[in-house]
A.B. asks: 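Below are the structure tokens for one structure; questions will follow.
Whatever order the structure lists them in is the order used to number ligands and atoms, beginning at 1.
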Amino acid sequence: MGSSPFDSWITNDDEVTSLLAQEWDRQTTTLQLIASENFASPAVMAATGSVLTNKYAEGYPGRRYYGGNQVVDEVEDLARRRLTALFGADHANVQPHSGANANVAVYQALLEPGDTILAMRLDQGGHLTHGSPASITSKWWNFVSYGVTPRSDDPDNPGELIDFDNVREQALAHRPKMIVAGATAYARRIDPASFREIADEVGALLMFDSAHVAGLIAGGSHPNPVPYSDVVAFTTHKTLRGPRGGAILCREEYAKKIDMAVFPGQQGGPLEHAIAAKAVSFKEASLPGFSVYTEQIVANSKAFAAALAGEGFRNVSGGTENHMVLVDLREFDAELTGKVAQEVLDRAGITTNRNTIPDDPRSPFITSGLRVGTAAQTTAGMKEGEFATIAALMACALRQRDDEAAIIQVRNDVAALCSSFNPYATFTK
Ligand SMILES: *Cc1c(COP(=O)(O)O)cnc(C)c1O
């Protein structure tokens, strides 16, 4: 079993050292196809493991509650400057500990409790923070939702795309104070201009939740929502390939309210080590190589979708324009649920997640869909050919799911493939 080069300092804790080695082994010998995951660079990980973890810095640069923040102020300012430059925004807040925190802070900053928010249906791609009954968001604010168009058998117009007529209808009917664009399980480009038009029609604020596609936007592979949105919130660890965390961009007029909502509204001391790592990732995302990376992500998911279709799977919305493919398993095998598929693939060394698909007849715990993403394995250097191979391996494992020897064979093939694509071999100092 190998170990990551970052574990060598943990010399006095055998238990944690062993677990880190096991996780390194898992990440480098099995396929990481969770659409929200990636491999952060060694530079990002080094900043995350830096002395900045020692520092308390409640407040913002130049306005801290504790002393000793001269260097930390520069770190956070650097992160903010890099981020506003990357997306062309007025103001950045880089303190949210996660994407969920960022979203709640936005609602808290710009809305009153009980205000209406129009967001995407959770069972059609929306996120928990878009008003799930289980989320605090639905207890504080009144969520109404829009969905996708019905599925059609016309290959030129397969449907299952955001239904802008429905967005407008719902906006006119409910007069939301805020419209949320953005999704967690949606494989198509999201057009910020259409959302802006509807927001203007009803006098609503527009928040773009670009958690999944922030990296694709930074790389120029997806349209930038910043010019169209009042606020853009996102995670830094998905396609953007930074440390685990969140960030918010907004127009100057909302800067103060957003900052107040993050601290002291939501959080205490910021994670300055994570903020330094965010700064590193924002620089990485501004380099020309990052656009090459995001173009490859999209090319890989298109190849992946085509190969999956060739194996008999149906892709929701007929394909993909981003880093993910949402697979409807029913046409491949009517008996196969998302839950079982995820479990079988796990045994075969292919890490995915079950996901509801539009109009899913099964419960969110069982599902008829599977979500797969290409961001992580693209970082590891995989191209279209490897994703075609992965589609074949997935189909092979799922067809022979009751045959343990066949699953082991797939697992061995997966390990052989992964051995040629160590994610940390592609990064250079
Ligand atoms: C992932 C995601 C979030 C939440 O991010 P966490 O860091 O997991 O809290 C919010 N919105 C969308 C659309 C997401 O995909």
A.B. asks: If the test is salt bridge (Lys or Arg N to Asp or Glu O under 4.0 Å), which one of Lys55, Arg63, Arg64 qualifies with Asp73?
C.D. replies: Arg64

A.B. asks: Report the C-alpha distance between Lys383 and Glu386 in whole Å, list the side-chain angles of each, state the deciding distance to 0.1 Å, and finish with yes or no for salt bridge (Lys or Arg N to Asp or Glu O under 4.0 Å).
C.D. replies: CA-CA 6 Å; Lys383 297 226 161 67; Glu386 283 76 40; over 6 Å; no

A.B. asks: Between Glu201 (side chain only) and Leu172 (backbone N and O only), is there a donor and an acceptor less than 3.5 Å apart?
C.D. replies: no

A.B. asks: Okay, side chain of Ser301, backbone of Thr320: is any donor-acceptor separation there less than 3.5 Å?
C.D. replies: no

A.B. asks: Tell me the residues surrounding ligand 1, counting only those with a heavy atom closer than 4.0 angstrom, sorted by chain and number.
C.D. replies: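 Contacting ligand 1 under 4.0 Å are Ser98, Gly99, Ala100, Asn103, His127, Ala183, Thr184, Asp209, Ala211, His212, Thr235, His237, Lys238.
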
A.B. asks: Taking side chain to side chain contact (heavy atoms under 4.5 Å, CB included) as the definition, give me every residue that meets it alongside Ser368, ordered by chain and number, with sequence neighbours left out.
C.D. replies: Arg330, Ile357, Asp360, Pro361, Arg362

A.B. asks: Hey, are Asp230 and Arg251 close enough for a salt bridge, meaning a charged N less than 4.0 Å from a carboxylate O?
C.D. replies: yes

